Amino acid sequence: MTKRQGRLFFIICTLVSAIAFIGLTFDSHRRFPGLTNEDKLTPEIIRGKDVWHNSNCINCHTLLGEGGYYAPDLTKVTQQRGTPYLTAFLKDPSQFYSEEKHRRLMPNPKLSDTEISEVIAFLDWVGHIDNQGWPPRPIIVSGTTIPGTDVGQPPTHASVSTDPVAQGEALFRSSPPACNACHSIAPGVNLAGPTLAGLATRATAIVASPEYKGEAKTSADYIRESITHPSVYLVPGAMYSANNQSFMPDNFATDLEPRQIDSLVAYLETLK
Amino acid sequence: MRYRSQSIAYWYFAIAMCLFGLQLVFGLLSASKYLGPDPLLDFLPFDKTKAIHTNLLIVWVLTGFMGATYYVVPEESRSEIYSVKLAYIQLVAWTLMGVTAIVGYMFGWTAGNKMLEQPFPLKIVIVIVMLMFLYNILMTIKRAGRWTVTEGVLVAGLALAAVLYLPALIEYENYTVSIFYRWWTIHLWVEGVWEMIQGGLLAYLLIRLSGADREVMEKWLYVIVGLVFMAGILGTAHHYYWVGVPHYWLPIGGFFSALEPVALLGMAMYAYFAMRRAGFSHPNSLAVHWTIGSTVFTVFGAGLLGFAHTWPSVNKWTHGTLITAMHGHGAFYGAYAMTVLAIISYTLPHLTSDRKVEGNSIGYWAFWMQVMGMFGMTLSFGTAGIGQVYLERILGLGYLDTQLKLQVHFLMLIATASVFAIGAALFIWNFFRTAPKSVAAIDPSASAPDLAPAGHASSAGSG
Ligand code: HEM
Ligand SMILES: [Fe+2]
């Protein structure tokens, strides 16, 4: 090979790759609006993106898996935590996590109420981008589902069984709704939501107690109501609610099919 | 050193060394926050120390590249630099920009886009400084009326680096689009045009250190850069996994980025065979260590550790974990930090007085402690990353609880990072140990003991 041939090789490789790359870039631009729901990109969300940048969130957190590796990924966080929870958290993270326990803590980002709702809107928009189904399994902020309980078991696939309990259990671990992002089924392990260990027993006691003001008569009713209308009965604890509103997302009544709710109830009723 | 204006390089290298030292201070601070708890939480939290750490890296490496160019171009084009004054004005503006950025980050003045955190006015300063630099270099070459492939590749790499910074000046409303173009800058820098710069500097060093035939070296330089672009341009797609772009980028990214290590391996073989022919006999064997070392560490840090997570079915699990930090450290250090340290090691006996060409034992301690320290750091990040992928991504343990289980790896990280930092400190101390040669003392007729090019009576002068 001569130097001229070497140069020719360089020029051809570079040109061919660059042209292919630019062609694909044009095509990608055609597809971005659909993939990212650009029609839903409101000015509020764009301001939320500015809040995200101005607060330098990305140098600790990752979003779509990109950023610092020092704090949890936030791609699907709005599907795991409702707006009231996230609002309260962003007002003062130290109320939710302790540096003694986790050895790290998020500094108070000192955002105004508007900025908080904008950045949450932004995160919610990001969470609905079509990103090839990543993450393959939910990334959970905190909490442990202890080995020997449900960690490490392959997820049960609803299709392998027609049993509503099995389907409910699979759904409980799927994302969405990613119930297990906030609820463990191990006794005493409270995550962002209370543990659901012994739920059915507790539910029976709650519906019978004078504090309960809802419509449920049975433990199954109560569980159903907790999923569809989380604020009817509030589990005590500042971690779980504020201003009579539960931190649990309230979108399940609309986002889950009735059949799915039935199977979740069937499964959770087995937690005695 | 034949040309007086080559002494400009000293001051660029001196600034680069200071920023390198500062980078490590912020790196060690960041690592200690992994271990926690953090007494500086309210004043200097992790996001700030990390942004400063990565920005300093980019700034000092670029400073080193520019200094190297001011050293290489006069020799290759056989001419003094067009304007020495402009070169110093450029350095002052560049340094002020860097310092302002760091102080700004401390007080929350940031554009908050990873690695492109520079606020808009500073981005403009960067562009202006790059233009000053390119103008000065191109006028030098134009006035000399002579250029070599080696310097052509080097200067083209720097010019393209400036061009690829331009997409970073635009605000994108759609976050996915902003990610898309962020990688035009970052990826096409480090796996494209910076590798051109690395290749150009490597060719220069190898021709000087081994006396290898220029025609042969430059022929293979073309081939290597061709391979870099063949794989690297479409390889950008390995940053397009899971971020909201069309699905066809997945197989494209997997295939082309898996080819990238071929170019890097090519570079290492290029260096090894050039040196072997000369029998590794150049007196500045410290520079030989850094030169060969950088190509080997590039194969390891960029090639091997990059390959380890570049396939979509693997990246699906490792994306956004400490596995990325493992590779980022190994790659940047091997390819770019070490290249700059190699060129500094080669030029230092020419740029400063009272220094033996052979180097001293501190120089070797600096080399080995850095290499071993960085190797240990990639192991620490790597083992932590594997643990994280397994516990957090596969078993579903919470992020914070997983990080608690990785404490021992963070201890390992701090230990190996300390070894690295001592090596770096030795290098920096060695750099400043003797004074720069005064310009008047530079004797253009004195020729350094470089090896004569094989088969050629004389080539483009020796340093
Ligand atoms: C000198 C060359 C290289 C340098 C300096 C370099 C540097 C980096 C850095 C700093 C990151 C982290 C980016 C971030 O945290 O957002 C990164 C990511 C990555 N690099 Fe490289 N790299 C190089 C070569 C390579 C090569 C040759 C490959 C493949 C064979 C590769 C594969 C990857 C992949 C797949 C990621 C993305 C990880 C993820 O976000 O999931 N890199 N690189
Ligand atoms: Fe890359």
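Remember, it's a predicted structure, so these values are computed and weren't measured experimentally. Proteins get letters first, then strands, A, B, ... in listed order; numbering begins at 1 in each. We use all heavy atoms of the structure for the numbers below, so side chains are in, but hydrogens, waters and symmetry mates are not.
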Which bit of [X] comes within less than 4.5 Å of chain A, counting heavy atoms only: side chain, backbone, both or neither?
X      : result
B:L41  : both
B:P246 : both
B:T110 : both
B:Y241 : backbone
B:V216 : neither
B:W109 : neither
B:L391 : neither
B:T236 : side chain
B:A111 : backbone
B:L250 : side chain
B:Q388 : neither
B:Y248 : side chain
B:Y181 : side chain
B:F410 : side chain

Working for ring-ring contact (aromatic ring centres under 6.0 Å, His included), residues A:F96 and A:F89: CA-CA 7 Å; A:F96 289 77; A:F89 174 79; 5.6 Å; yes
Taking every heavy-atom pair that is under 4.5 Å apart, which of [options] has the most such pairs with chain B?
options                      : answer
A:D50, A:L15, A:T36, A:N108  : A:T36
A:L41, A:L35, A:I45          : A:L35
A:K101, A:K49, A:M106, A:E66 : A:E66
A:T2, A:D27, A:I129, A:N54   : A:D27
A:T62, A:V16, A:L8, A:I58    : A:I58
A:G6, A:P72, A:C13, A:C60    : A:P72

Where on [X] is there a heavy atom nearer than 4.5 Å to chain B: the side chain, the backbone, both, or neither?
X      : result
A:I139 : side chain
A:H29  : side chain
A:S55  : backbone
A:P107 : both
A:L105 : both
A:E38  : side chain
A:R31  : side chain

Carboxylate-amine/guanidinium contact A:R103 B:D38, below 4.0 Å: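 Salt bridge flag = no for B:D38 with A:R103.
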Full working for ring-ring contact (aromatic ring centres under 6.0 Å, His included) between B:H187 and B:H238: CA-CA 9 Å; B:H187 169 92; B:H238 65 192; 4.9 Å; yes
Which one, [options], leads in non-hydrogen pairs under 4.5 Å with chain A?
options                       : answer
B:H239, B:K48, B:M115, B:Q407 : B:Q407
B:I179, B:T402, B:L322        : B:I179
B:K33, B:E218, B:E392         : B:K33

Identified ring pair (Phe, Tyr, Trp, His ring centres under 6.0 Å) partner of A:F32 from the options B:Y240, B:F180, B:Y172, B:Y175: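 It is B:F180, the one option of B:Y240, B:F180, B:Y172, B:Y175 that forms the ring pair (Phe, Tyr, Trp, His ring centres under 6.0 Å) with A:F32.
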Residues, nucleotides or ligands: over 12 heavy atoms within 6.0 Å of A:Q5 CD: yes
Heavy atoms from other residues, nucleotides or ligands near NZ of B:K114 exceed 12 (cutoff 6.0 Å):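 Yes, the 6.0 Å shell around NZ holds more than 12 heavy atoms from other groups.
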